Structures are given as structure tokens and as C-alpha cells.
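Note that this is a predicted model, so its numbers are computed, not measured.
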Amino acid sequence: MIKTWMKTGISITMEGPDHAKEVRRSFSNVAKNVTADQVGELVSALEMVSADTVLEAKVMTTEKVVLDK
């Protein structure tokens with residue numbers, strides 16, 4: 001089996017006083033080897049520029065898998 005990285009993205013779930021429900025923000029074109037510290041810095045920046053609080057951050061990686069025959 002051969003795996004080839006295709007893309008990585010981050011989905012952030014936030015809540016705040018201006019929303020009746022949670023809000024999701026998505027970021028694409030994220031570096032292949034994004035670190036927990038880098039995700040934490042993104043979360044901090046989002047909280048600084050809004051009145052929202054981040055509840056969750058998900059990092060999603062898509063890989064192409066070729067099976068050996």
C-alpha cells in the first residue's frame with residue numbers, strides 16, 4: 001500500500017454572544033505537518049479578533065491510497 005498526502009485542513013467550532021448556535025470556520029491549504037502549537041496559535045488569533053470562544057479544532061488530512069495488487 002502506498003499513501004500520498006493530498007491536503008490538510010482545519011475546522012474550528014466557535015460559540016459567542018452574537019450566535020444562537022455554534023459556528024464552524026474552515027481553513028484549507030494547511031501545511032502537511034501542522035503542529036498542535038500552530039493550531040493553538042490560530043485558535044488564539046481567532047479568539048483575539050472576535051468575541052467568540054473556540055470549542056474545538058479538528059485537523060483533517062486527505063491521503064490517496066494505492067493498494068498493491
Quiz item: Can you check side chain to side chain contact (heavy atoms under 4.5 Å, CB included) on Phe27 and Val34, steps first, answer last?
Solution: CA-CA 12 Å; Phe27 299 87; Val34 65; over 6 Å; no

Quiz item: Just wondering, do Val39 and Val59 contact through their side chains at under 4.5 Å, heavy atoms?
Solution: yes

Exercise. Locate the shortest heavy-atom distance separating Ser11 from Arg24; write the atom from each residue and the value.
Key: OG-CD, 4.1 Å

Practice problem: Output yes when a side-chain donor or acceptor of Asp68 lies under 3.5 Å from a complementary backbone atom of Met1, and no otherwise. | Solution: yes

Quiz item: For Met14 and Asp52, which heavy atoms make the closest approach, and how far apart are they?
Solution: CE-CB, 3.5 Å

Self-check item: same_hphob_cluster(Ile10, Val23) at 4.5 Å side-chain heavy-atom cutoff
Solution: no

Exercise. Kindly indicate, with the supporting measurements, whether the criterion side chain to side chain contact (heavy atoms under 4.5 Å, CB included) is fulfilled by Thr61 and Lys7.
Key: CA-CA 6 Å; Thr61 300; Lys7 64 182 176 180; over 6 Å; no

Quiz item: Counting distance only, does the side-chain N/O of Gln38 pair as donor-acceptor with the main-chain N or O of Thr35 below 3.5 Å?
Solution: yes

Quiz prompt | Interatomic spacing from OG1 in Thr8 to CG in Asn33 - rounded to 0.5 Å | solution = 8.0 Å

Self-check item: Over all atoms of both residues, closest heavy-atom pair of Val43 and Ala57
Solution: CG2-CB, 4.3 Å

Exercise. Check for a donor-acceptor pair, side chain of Glu56 on one end and backbone N or O of Ile12 on the other, with a separation under 3.5 Å.
Key: no

Practice problem: Work out which heavy atom in Lys3 is nearest to a heavy atom in Glu63; give both atom names and the distance. | Solution: CD-OE1, 3.2 Å

Quiz item: Step by step, would you call Glu22 with Leu55 a side chain to side chain contact (heavy atoms under 4.5 Å, CB included)?
Solution: CA-CA 9 Å; Glu22 296 172 349; Leu55 301 175; 3.3 Å; yes

Quiz prompt | Met60 side, atom CE; Ser26 side, atom OG - distance, nearest 0.5 Å | solution = 6.0 Å

